[in-house]
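One-based numbering along the sequence shown.
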Amino acid sequence: MALESTAKVVLGCVAFSIFWVLAVFPSVPFMPVGRTAGSLLGAMLMVLFRVMTPEQAYAAIDLPILGLLFGTMVVSIFLERADMFQYLGSMLSWKSRGSKDLLFRVCLVSAVASALFTNDTTCVVLTEFILKVARQNNLPPQPFLLALASSSNIGSSATPIGNPQNLVIAVTSGISFGSFLFGIFPAMIVGVITNTCILLCYFWKHLSVDKERDQESAGGQDVVVADDEVTSHRFTPARMSRANSNSEGDRDIQVAIRSVRASSMSQEMVEVSTVCDRRDDGPRKVTRTTSRQRSVIIEDAPEHIFDGDEKEKPLEEEVVKQKKWKVLAWKTAVYLTTLGMLVSLLMGLNMSWTAITAALVLLALDFTDAQACLEKVSYSLLIFFCGMFITVDGFNRTGIPNALWELVEPHARIDSAKGIALLAVVILVLSNVASNVPTVLLLGTRVAASAGAISPASEKKAWLILAWVSTVAGNLTLLGSAANLIVCEQARRAQFHGYNLTFWSHLRFGVPSTIIVTAIGLIIVVSY
């Protein structure tokens, strides 16, 4: 494809540059409008500058990718409501054998969850939980946050629904879900294990520090997270509740403590007396217990209150039992629907319509107004993709990407080790400069066409190489992946146990990890 006229080339570059700046640096001082508005601005400028027509702009929007992205979002929302991520989080702290075992679990759970529920979703729901677990065990948060971010990126490479760039690759290339999975899954497993080993080597001393030494360094103030908070964490927890009151209950003093351990009571002096409350006509029995450690007053509510409670107790238990069965049946339906979606994808059915169908089935099974659930869908991300499709297609029409690829293509063929290495470097650098999804949109068809000239099998291999490298490239810097930024922001804003993961602390680990994991994974993907 030849270059367009000078005016179109210059104006197209201006529009794409504005999109790139706002996509990579969404809070620039001169225009802090964010990524979504930046992508729409780039798309609008492509049309206003007449780099492309409005009809070409509409045609550039890839509806199958948007449909697949929307469907997986809805399914992830229902899985979160069905406590799937709570169960995954519980696996981290269940019978943990120390800090190194916990780090390995974080890497494994986040990788598997990202492959099934996208890396961004996994990082959103697990970041605060991991901070709580680290705080409970008096461990430094940094290695566990890096484990979550890096393993989520690596794990998401295994499936087309793991991250947005894989969605683009799967839909554009036509590679089935099963072929994609079997082509990258071995590399993903080895990559996660390698990344875990690098983490262990890098933070071995930090993970070997004794708990008592940590407590002494903290000045003897040991803040421990309650077990129920750790095992029942959710992304949007509601921990404060208000008791219902009625006209009679307001006049009574609630029972302060219902029970005291028998062993403690046996060693205490118990004094029973009957007093009258000014707010109540009847007497109340007050039991005062004293011991060396504490003095507790146990107040019994009026007898007529307990009589009413005893009558209503069987009815309340029946209602609670029915609700439990309904919740269990609903959770089972959510899990079976998700499993059916994954099986359908493995069978080679249309990925976009399969995801949308699963989303609609879950909305129907909810038996409530779907508005509350649909409001949680990230429509800003869908709009960002629409603007990005138009902007990247307009930039492609200038002829610049094709001209640059013609310079690199003779040296980046995948039929030689040097060509694969050069192609990997180009993808790695471009993914961190222009972000991984635009990189896939710019290079995808060109890399596939170059490999297709060798053989049809080489074309498929080229798509898988692009998927692997563009995804793992997100671990290079803190800005290389949205999942990294999510972990950083979630950790910084966490209440009571926040942690600031800096750019340089991520870079010191990200550079060696990305290079080693990418190289090892490439060997496995190429040999597929």
- Item | Nearest non-hydrogen partners of V106 and F144, listed with the distance | CG1-O, 3.8 Å
- Message: Between S110 (side chain only) and C107 (backbone N and O only), is there a donor and an acceptor less than 3.5 Å apart?
- Response: yes
- Query: Could you state the interatomic distance from CG (L69) to CZ (F385), rounded to the nearest 0.5 Å?
  - Reply: 5.5 Å
- Short side-chain to backbone donor-acceptor contact, T121 and T118, under 3.5 Å: no
- Query: Would you say N436's side chain and S481's backbone share a donor-acceptor pair under 3.5 angstrom?
  - Reply: no
- Kindly compute the distance separating CE (M44) from CG (L41), expressed to the nearest 0.5 Å. 5.0 Å
- Query: Does S156 reach the main-chain N or O of S114 with its side chain, forming a donor-acceptor pair under 3.5 Å?
  - Reply: no
- Task: Look only at the side chain of S435 and the backbone of P438, and say whether a donor-acceptor pair between them is shorter than 3.5 Å.
- Result: no
- Query: CG of L145 to CG of L126: how many Å apart, nearest 0.5 Å?
  - Reply: 11.5 Å
- Do side-chain atoms of S513 reach the backbone of G510 as a donor and acceptor pair under 3.5 angstrom? no
- Distance, nearest 0.5 Å, that separates CZ of F19 from CG of L40: 10.5 Å
List, one per line, each side-chain donor-acceptor pair under 3.5 Å for residues 412-427, sequence neighbours excluded.
| residue | atom | partner | partner atom | Å |
| --- | --- | --- | --- | --- |
| R413 | NH2 | E409 | OE2 | 3.2 |
| S416 | OG | G419 | N | 3.1 |

- Item | Straight-line distance of M73 CE to L382 CG, nearest 0.5 Å | 4.5 Å
- Query: Would you say Y202's side chain and C197's backbone share a donor-acceptor pair under 3.5 angstrom?
  - Reply: no
- Going by the salt bridge (Lys or Arg N to Asp or Glu O under 4.0 Å) test, which pairs reach into residues 180-199, not counting sequence neighbours? none
- Task: Specify the closest pair of heavy atoms between G191 and W468, including all atoms of both residues, with the distance to one decimal.
- Result: CA-CH2, 4.5 Å
- Task: Check whether any side-chain N or O of N432 sits under 3.5 Å from a backbone N or O of L428 as a donor-acceptor pair, and report yes or no.
- Result: yes
- When the ring planes of F395 and F16 are compared, do they come out parallel, tilted or perpendicular, using 30° and 60° as the limits? parallel
- Query: Any sub-3.5 Å donor-acceptor pair from W20's side-chain atoms to V433's backbone N or O?
  - Reply: yes
- Item | Partner set under side chain to side chain donor-acceptor pair (under 3.5 Å) for N119, not counting sequence neighbours | N153
- Task: Locate the shortest heavy-atom distance separating V437 from V168; write the atom from each residue and the value.
- Result: CG1-CG2, 4.4 Å
- Message: Please check this pair: side chain of T514 against backbone of L476, looking for a donor-acceptor N/O pair closer than 3.5 Å.
- Response: yes
- Message: Can you tell me how far apart CD1 (I161) and CG (L345) are? Round to the nearest 0.5 Å.
- Response: 6.0 Å
- Message: Hydrogens and angles aside, do T357 and T354 bring a side-chain donor and acceptor to less than 3.5 Å of each other?
- Response: no
- Query: Which pair of heavy atoms, one from I169 and one from W463, lies closest together, and at what distance?
  - Reply: CG2-CE3, 3.6 Å
- Task: With the side chain counted from C-beta on, respond yes when L66 and L63 share a heavy-atom pair under 4.5 Å apart, and no when they do not.
- Result: yes
- Query: So, N195 versus S150: side-chain donor-acceptor pair below 3.5 Å or not?
  - Reply: yes
